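Here is the structure we will look at.
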Amino acid sequence: MSVVLVYVLFIAAGIAAGGAYSMWKFNKLASGVLLALAVLAAVAGVLRLV
């Protein structure tokens with residue numbers, strides 16, 4: 001189950017980073033929020049690996 005959670009966290013981080021990149025032109029605030037969520041998901045995935 002832990003491996004699935006790590007996969008889900010990294011996939012969510014990738015999707016959020018892509019969404020933040022594509023939203024950058026239209027809404028900088030929402031893009032920043034998505035980027036922060038992507039960073040938090042990536043950090044959570046790394047911490048689950050350790």
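Remember, it's a predicted structure, so these values are computed and weren't measured experimentally.
- Through direct or indirect side-chain contacts shorter than 4.5 Å among Ile, Leu, Val, Met, Phe, Trp and Tyr, Y21 is connected to no other residue.
- Shortest non-hydrogen contact noted between A20 and L35 is CB-N, 3.8 Å.
- Counting side-chain heavy-atom gaps under 4.5 Å among Ile, Leu, Val, Met, Phe, Trp and Tyr, the cluster of I15 also holds I11.
- Within the structure, every pair that satisfies the side-chain hydrogen bond (donor to acceptor under 3.5 Å, both in side chains) test and touches residues 41-50, not counting sequence neighbours, is listed here: S2-R48.
- V43 shares a hydrophobic cluster with V39, L47; the chain of contacts runs through ILVMFWY side chains whose heavy atoms sit under 4.5 Å apart.
- Within the structure, side-chain hydrogen bond (donor to acceptor under 3.5 Å, both in side chains) pairs that include any residue of residues 25-38 do not occur (at least two apart or interchain).
- Grouping Ile, Leu, Val, Met, Phe, Trp and Tyr by side-chain contacts under 4.5 Å, direct or through others, puts V6 with F10, V46, L49.
- Of all non-hydrogen atoms in A16 and A38, the two that sit nearest each other are CB-CB, 3.7 Å.
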